[in-house]
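Numbering starts at 1 and runs along the sequence shown.
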Amino acid sequence: MSSAPKSAAIIGGGVIGGGWAARFLLNGWNVRVFDPDPEASRKISTVLDNARRSLPALYDRLLPPEGRISYHEALSDALDGVDWIQESVPERLDIKHEIHANINTHAPEVAIIASSTSGFKPSELNTNGQRIIVAHPFNPVYLLPLVELVGDPDHCARASMVLNALGMYPLMVRKEIDAHIADRLLEAVWREGLWLIKDGICTTKELDDAICMGFGLRWAQMGLFETYRIAGGEAGMRHFLAQFGPALKWPWTKLMDVPEFTESLVDLISDQSDAQSGHLSIRQLEHLRDDNLVGMMRSLKKSQSGAGATLSTHEQTLKLPKSHDLPITVSRAIPQSWTDYNGHMNEAHFLEAASLATDQFMEMIGAGPDYVAAGYSYFTVENHIRYLTELHSGDRIFITTQVLQGKGRKLHLFHSIIGPNGDIAATVETLLVHMNLTTRKSALPSAEIEEKLKSIANAHAAYPMPDGAGRHVGQARTA
Ligand SMILES: NC(=O)C1=CN([C@@H]2O[C@H](COP(=O)(O)OP(=O)(O)OC[C@H]3O[C@@H](n4cnc5c(N)ncnc54)[C@H](O)[C@@H]3O)[C@@H](O)[C@H]2O)C=CC1
Ligand SMILES: C[N+](C)(C)CC(=O)CC(=O)[O-]
C-alpha cells in the first residue's frame, strides 16, 4: 500500500460534514470539501478549532501530522482522486438522490461512497443502482467513535478497516431498518421526552437532569443490557426480567403515540431550552461537552471499557518517533484537562508525563506488563521535578530519557520534557528500585533486564551529566 496521504471528499460541510472533515484531517488525511454554502469554510474552521483542542487530548501519543483541507466549487473537483466520499447533506431523500446521482457520475471507481443519513436505508438511497453505504456517525464526529455501517457487506468491510484506522468503532447493522440501531433508541427516548414536556410533567432541564444524574452516567461504560443484568442482583438478567417483564403490559410508555408537531410545541421546547442553557453560547456548550467527553473517554481508556477500549487500540497504532539520540519515551499533546486556573499545565501532570515516560522505558527494557504479570516490577522511590518553562493546552511535547545508573536493584533515570520551541520545559529525575511483587521486597532484576540496562547505561554514559541532575530544593530555611 502506498504511504501517500489518503484523501476524503466531504459533500455537505455542516455540523456532521465538518465533524467528518476534522476526523479525517487530524488523522493525516487530505480533505476536499464541496458545499455550495458560502459560509461553509468558516463553519468548518470552527469545528476544526474544536477538534484540535479535544481530539489530540484523548491520546497519550501524538496523532499523525494533519492533512490539507481544500474547498471546491465543482463536485467533480472535490471527488478527484479521493479514496472515501462522505455525503452529509440535509436529511431529505430528494436532496440525497440528486447529489448521489452526481457523485455516482464523478466518483473514482475504487472510492468508498458513504452517507451520514440518520435514518434512510441503503435500499432507499440506491434506487438507481448506486453503491452507497450508510456510515452513520454521532456528534461530535471527531470525538465519538461509533459509526453504524449498513449496506453491501464487502463495501462495509472495506469501510470498517478505514474507520478503525481513524480511531472509530464501526458497528455493522446486519439488516437494514429505518433509523438503524442507535437512532431507533434515541428516537424512542426523544419521542417519550417530547410527551413528558408537552404534558407538563417536567421541563427540558428536569428531563436532562434525569438523564445526566443517573442512567446517562451508566451508559457510557456499560449498555442497557449489561446494566440491567446487574440490576437483577445475584440472579442476574432472569430475575430482572421476572420482576420487570410484567411492566411491559403497563402504561409506562407512549411510544406509538407521537405528540403533534405544532408551533406551540416548538415554542414550549425552545423557550425551556433557552431558560436552561441560553446563558451559554453554542461554542461554550461545545467546549464543555468536548472537555467532559475527553475526561470520560480518558478514564474509560484506563479500564478499557466501552469507547476506552477503541481509544486504546487506536493509540497503540500511533508510534513514537525514532531517535538517534537519547530515546524518546513520550510524544504527545497537552490536554485541556492538564491545565489549571493559572492557564498553564498544572504541576501534577509534569509528574504524570514523566511517569508515562518511565512506563515506556520499562517496556523498552522488557519490564512491561508481562514482566509484572510474572511477579516483578520497579517501584519509584524518589522524584525531583524542576519546572523551567510554562506549557499550555495543545502544546506538543516530547520526553527524552537518560539512564544515569542502571545496576543491581537501582535504576536512576533523568527525563527531559521538551516543549514546542525545543526548550526544556521541565526535568524529572527518578530513582526506582527493582521489586519482587510476591515478597514486596527489593530484589535483583532478571539477567535479561540487567544485560539490557547495562548496554543502555553504557551508551548513555557518553552523554554529559544533564543540567540539574542531583539537585534538591536548595532553599535555606530562615528563622
Ligand atoms: N446533526 C446531527 O446530530 C446528525 C446528523 N446526521 C446526518 O448527517 C446529515 C447532515 O446533517 P447535518 O450536518 O446536521 O446538517 P446541516 O444542516 O448542519 O448541514 C448540511 C450541509 O449540507 C449542505 N448542502 C445542502 N445541499 C447540498 C448539496 N446539494 N451539496 C453539497 N452540500 C449541500 C448545506 O449547505 C449544509 O452545510 C443528515 O443526513 C443527518 O441525518 C447524522 C448524525 C447526527
Ligand atoms: C437526531 N439525530 C437523528 C440527528 C441524531 C443522530 O443521527 C445521531 C446523534 O449524533 O445523536
Side-chain angles (χ1 to χ4, degrees), residues 25-26 28 48-49 51-67 291 294 298 315 318-364 380 382-406 411-432 456-457 459-475:
L25 205 67
L26 269 65
L48 286 176
D49 288 345
R52 287 186 186 114
R53 69 187 283 290
S54 59
L55 183 69
L58 285 178
Y59 296 95
D60 294 308
R61 291 275 169 92
L62 276 185
L63 288 167
E66 256 186 46
D291 291 348
V294 168
R298 286 185 63 82
E315 188 168 87
L318 305 171
K319 300 286 173 229
L320 282 168
K322 291 255 176 295
S323 165
H324 299 297
D325 216 318
L326 288 169
I328 293 175
T329 43
V330 165
S331 149
R332 58 164 308 132
I334 303 302
Q336 178 76 19
S337 61
W338 279 16
T339 61
D340 62 18
Y341 49 83
N342 287 327
H344 60 194
M345 178 157 145
N346 176 265
E347 57 183 334
H349 297 290
F350 285 84
L351 185 56
E352 184 172 349
S355 159
L356 291 170
T358 300
D359 286 350
Q360 180 60 34
F361 185 79
M362 290 297 141
E363 298 240 358
M364 280 172 51
T380 302
E382 192 171 338
N383 277 310
H384 182 83
I385 308 177
R386 295 184 315 141
Y387 301 95
L388 303 175
T389 62
E390 293 181 296
L391 290 172
H392 300 98
S393 173
D395 280 352
R396 292 156 83 98
I397 58 160
F398 66 93
I399 300 184
T400 58
T401 298
Q402 181 171 356
V403 177
L404 299 185
Q405 193 200 333
L411 175 57
H412 188 174
L413 300 178
F414 194 88
H415 301 299
S416 299
I417 303 181
I418 318 287
N421 305 327
D423 299 336
I424 298 182
T427 63
V428 182
E429 189 172 351
T430 301
L431 186 65
L432 301 110
I456 298 177
H460 289 193
Y463 290 86
M465 195 61 154
D467 201 23
R471 269 280 300 273
H472 60 285
V473 179
Q475 191 67 32

Problem set entry | Sub-4.5 Å side-chain heavy-atom contact between Thr329 and Met364 | yes
Problem set entry | Side-chain heavy-atom pair Met362, Leu411 within 4.5 angstrom cut-off | yes
Problem set entry | Heavy-atom side-chain proximity of Asp423 to Leu388 below 4.5 angstrom | no
For this session: Grab the two heavy atoms, one from Leu26 and one from Ala51, that are nearest each other, plus how far apart they are.
Result: CD2-O, 3.7 Å
Exercise. Which heavy atom in Ala457 sits nearest to a heavy atom in Gly406, and how many Å separate them?
Worked result: CB-N, 4.4 Å
Problem set entry | Chi angles and distances behind the side-chain contact (heavy atoms from CB on, under 4.5 Å) call for His412, Glu429 | CA-CA 8 Å; His412 188 174; Glu429 189 172 351; 2.7 Å; yes
For this session: Check the surroundings of atom CG in Asp467: do more than 12 heavy atoms from other residues, nucleotides or ligands lie under 6.0 Å from it?
Result: no
Seminar exercise, completed: Paired with Asp60, the side-chain contact (heavy atoms from CB on, under 4.5 Å) test is passed by just one of Glu315, Glu352, Gln360, namely Glu315
For this session: Any chance you could measure Glu390, atom CD, to Thr339, atom OG1, to the nearest 0.5 Å?
Result: 11.5 Å
Exercise. Is the shortest heavy-atom distance from the side chain of Pro466 to the side chain of Leu404 under 4.5 Å?
Worked result: yes
Exercise. With under 30° as parallel and over 60° as perpendicular, where do the rings of Tyr387 and Phe350 fit, or are they tilted in between?
Worked result: perpendicular
For this session: Count the heavy atoms of every other residue, nucleotide or ligand shown that sit under 6.0 Å from CZ of Arg298, and state whether that count exceeds 12.
Result: yes
Problem set entry | Nearest heavy-atom neighbours spanning Leu62 and Ala333 | CD2-N, 3.7 Å
For this session: Could you tell me which non-hydrogen atom of His460 sits nearest to which non-hydrogen atom of Val403, and how far apart they are?
Result: ND1-N, 2.9 Å
Exercise. Roughly how far apart are Ser416 OG and Phe398 CZ, rounded to 0.5 Å?
Worked result: 9.5 Å
For this session: Drop me the distance from Phe414's CZ to His384's NE2, to the nearest 0.5 angstrom.
Result: 8.5 Å
Problem set entry | Test item: Arg61 and Leu320 side chains (from C-beta on) under 4.5 Å apart, heavy atoms | yes
Exercise. Donor-acceptor pair, Arg53 side chain versus Gly394 backbone, under 3.5 Å?
Worked result: no
Seminar exercise, completed: Rounded to the nearest 0.5 angstrom, the CE-CD1 distance for Met345 and Ile397 is 5.5 Å
Exercise. Is the backbone of Ser54 close enough, under 3.5 Å, to the side chain of Gln336 for a donor and an acceptor to pair up by distance?
Worked result: no
Exercise. Where is the tightest heavy-atom contact between Pro56 and Leu63, given as atom of each residue plus distance?
Worked result: CA-CD1, 4.0 Å
Exercise. Within the distance-only criterion (no hydrogens, no angle test), does the side chain of Asn342 pair as donor or acceptor with the backbone N or O of His344 below 3.5 angstrom?
Worked result: no
Problem set entry | Minimum side-chain heavy-atom gap Pro64-Leu318 below 4.5 Å | yes
Problem set entry | Whether over 12 other heavy atoms sit under 6.0 Å from Ile328 CD1 | yes
For this session: Compare all side-chain heavy atoms of Thr358 with those of His415 and state whether any distance is below 4.5 angstrom.
Result: yes
Exercise. Between atom CG of Asn346 and atom CG of Leu391, what is the distance when rounded to the nearest 0.5 Å?
Worked result: 12.0 Å
For this session: Enter the distance from Ile399:CD1 to Leu326:CG here, rounded to the nearest 0.5 Å.
Result: 13.0 Å
